[in-house]
Protein chains: 2
Amino acid sequence: MGVKERKERDRQEMRDQILKSAHQLFLEKGFDQISIRNIAEAIEYSPATIYLYFKDKNEIVHALHQDGFKLLNQHFQPLAKFEQPFERLKEMGKAYIKFATENPGVYELMFMRSEPMEHVSDCLDEEWREGDRAFEFLVETVAQCQSQGYFKGLHPHSFSMMIWSFIHGLCSLRISQHLGHVKGARESKISLDDIMTTTYATFSQALEKLKG
Amino acid sequence: MGVKERKERDRQEMRDQILKSAHQLFLEKGFDQISIRNIAEAIEYSPATIYLYFKDKNEIVHALHQDGFKLLNQHFQPLAKFEQPFERLKEMGKAYIKFATENPGVYELMFMRSEPMEHVSDCLDEEWREGDRAFEFLVETVAQCQSQGYFKGLHPHSFSMMIWSFIHGLCSLRISQHLGHVKGARESKISLDDIMTTTYATFSQALEKLKG
DNA sequence: TTCTTTTACTAAACACTGTTCATAACTCTT
DNA sequence: AAGAGTTATGAACAGTGTTTAGTAAAAGAA
């Protein structure tokens with residue numbers, strides 16, 4: 001009587017296939033370039049079929065949103081080996097930038113759009129676990145830095161918010177094509193990657209000076 | 001023989017009317033909610049008419065983009081009265097946040113979308129003057145702070161990029177609805193404005209510690 | 001004034017988008 | 001094999017940006 005189980009499995013497989021195709025399209029194109037008909041064609045099904053597995057487009061986007069956080073946490077995982085919290089903090093920033101520049105489409109959907117956020121509002125908080133994990137990892141690292149004399153007297157949660165704001169700002173300006181148009185960078189032949197590296201290095205230096 | 005002149009004036013008037021209506025719609029609704037047919041209805045003309053005055057939607061968006069920078073600079077102008085550069089720097093941040101929270105639709109189109117940026121690529125650099133002015137004002141202020149002992153040894157341009165990244169990150173996270181979903185802020189009843197104020201205050205404190 | 005040319009405008013269409021629904025086509029149970 | 005239940009889809013609706021062909025009005029020339 002494993003019929004229900006198989007059906008459930010088939011259903012899950014179909015969902016996965018849809019998400020996989022959608023993810024692929026996100027890597028190739030941008031947020032606005034992706035469409036239901038697009039995904040439907042990729043999985044060789046009718047557009048209407050997708051609505052049997054997902055309520056609407058936002059639900060697909062939200063699912064990819066969650067996958068994105070898992071991917072981000074995978075970027076963070078190997079950083080646990082850094083014993084020195086401040087070293088770990090700096091590596092976290094680099095890993096975040098690497099994630100954003102390597103997956104701009106996914107990053108855009110995770111952090112730069114309000115559409116998936118609206119869907120988050122009316123679903124269980126439990127679904128935010130992966131996102132929370134990433135931020136908690138940051139807060140913990142900041143707290144550990146403080147126990148070694150860094151960032152004295154500053155609230156770890158607020159300070160983490162500040163760090164995240166900076167890194168996100170840098171990454172999102174790059175993805176939204178603004179970085180190349182800033183005065184001083186526009187006319188010179190400095191690559192966008194160099195600007196990001198330089199700006200992040202400046203931030204790191206500033207953080208370093210906040211010791212003691 | 002003032003016929004050509006009058007025609008040119010009429011044309012400019014029509015352009016202004018289109019932009020005015022578009023701006024109004026941006027204040028009321030969001031970026032994705034605005035449409036050519038929408039604007040056309042507001043000015044009581046056919047949608048096709050708009051294409052006689054603007055090449056495409058992106059050109060409209062780009063025009064609003066420029067208006068937005070003028071508005072931002074208007075927020076910055078009164079700050080010249082602050083003689084102390086560090087005080088001025090802090091006030092600039094507040095003014096930027098004020099501008100972003102009061103004009104979220106305009107901010108979104110100015111800094112969070114790549115569509116208008118693509119149009120910028122193939123138009124004269126001259127059109128970036130207003131944007132450059134705002135950033136130069138920041139760089140100058142940072143340089144003046146350095147001459148008073150702040151941010152020693154850090155490159156003013158990179159440091160300005162860092163400051164802008166932070167502020168933009170904070171504002172964009174708020175506009176994209178992400179700020180309310182961060183662990184620690186989600187369950188508590190802290191308002192989004194409070195989170196922004198607190199985070200910015202933390203940033204200010206950090207900057208203050210970078211003296212000497 | 002009359003005729004011609006230029007300009008300003010728009011209705012209709014094209015190719016898209018997300019989404020819904022009746023209908024058809026399978027699958028499974030009896 | 002017949003009926004019930006599930007699954008897939010074609011067609012449609014309302015919306016989007018944009019183009020084109022055609023019309024009506026204004027301007028210039030006779």
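Note on naming: letters A, B, ... go to the chains in the order of the sequence lines (proteins, then strands), and numbering restarts at 1 for each one.
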Please set out all donor-acceptor pairs under 3.5 angstrom arising from side-chain atoms of residues 40-49 of chain A, sequence neighbours excluded.
from  : atom 1 : to    : atom 2 : distance (Å)
A:S46 : OG     : A:A48 : N      : 3.1
A:T49 : OG1    : A:S46 : O      : 3.3

Side-chain donor-acceptor pairs under 3.5 Å in residues 162-174 of chain A, sequence neighbours left out?
from   : atom 1 : to     : atom 2 : distance (Å)
A:W164 : NE1    : A:Y96  : OH     : 3.0
A:S165 : OG     : A:M161 : O      : 2.9
A:H168 : ND1    : A:Y107 : OH     : 2.7
A:H168 : NE2    : B:S172 : OG     : 3.1
A:S172 : OG     : A:H168 : O      : 3.0
A:S172 : OG     : A:G169 : O      : 3.2
A:S172 : OG     : B:H168 : NE2    : 3.1
A:R174 : NH1    : A:D193 : OD1    : 2.9

Side-chain donor-acceptor distances from residues 22-31 of chain A under 3.5 Å, at least two apart:
from  : atom 1 : to    : atom 2 : distance (Å)
A:Q24 : NE2    : A:E28 : OE2    : 3.2

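Residues that satisfy the salt bridge (Lys or Arg N to Asp or Glu O under 4.0 Å) test with A:E140, not counting sequence neighbours, are absent from this structure. For B:K57, the side-chain hydrogen bond (donor to acceptor under 3.5 Å, both in side chains) criterion is met by no residue, not counting sequence neighbours. With sequence neighbours left out, A:K94 forms a side chain to side chain contact (heavy atoms under 4.5 Å, CB included) with A:E91, A:Y200.
Taking 4.0 angstrom as the limit, B:R11 places none of its side-chain polar atoms (N or O) nearer than this to OP1 or OP2 of C:dC9.
For the pair B:R9 CZ and C:dA8 P, the computed distance is 14 Å after rounding to whole Å. Rounded to an integer number of Å, the gap from CD of A:E8 to C1' of D:dT6 is 14 Å. For the pair A:K55 NZ and C:dG18 P, the interatomic distance rounds to 15 Å; values are reported in whole Å. Whole-Å rounding puts the B:K7 NZ to C:dT7 P distance at 7 Å. Going from atom CE of A:M14 over to atom P of D:dT9 covers 7 Å, rounded to whole Å. Look at CG on A:N58: it is 12 Å from C1' on C:dT19, rounded to the nearest Å. We find that CG of A:D10 is positioned 14 Å from C1' of D:dA8, with the value rounded to whole Å. Protein atom OH of A:Y53 is 13 Å distant from nucleotide atom C1' of D:dT9, rounded to whole Å.
Comment: A:E102 engages A:K98 in a salt bridge, judged by a side-chain N to carboxylate O separation of less than 4.0 angstrom.
Within the structure, no pair that satisfies the side chain to side chain donor-acceptor pair (under 3.5 Å) test touches residues 13-22 of chain A, not counting sequence neighbours.
Here A:F54 lies out of heavy-atom contact (under 4.0 Å) with every strand.
At a threshold of 4.5 Å between non-hydrogen side-chain atoms, the residues A:Q74 and A:L71 count as touching.
Residues from residues 31-52 of chain B placing a heavy atom under 4.0 Å of any atom in DNA chain C, listed by number, are B:R37, B:Y45, B:S46, B:A48, B:T49, B:L52.
Each end of the helix from C:dT2-D:dA29 to C:dT30-D:dA1 gets its own axis from five base pairs, and the two axes differ in direction by 30°, given to 10 degrees.
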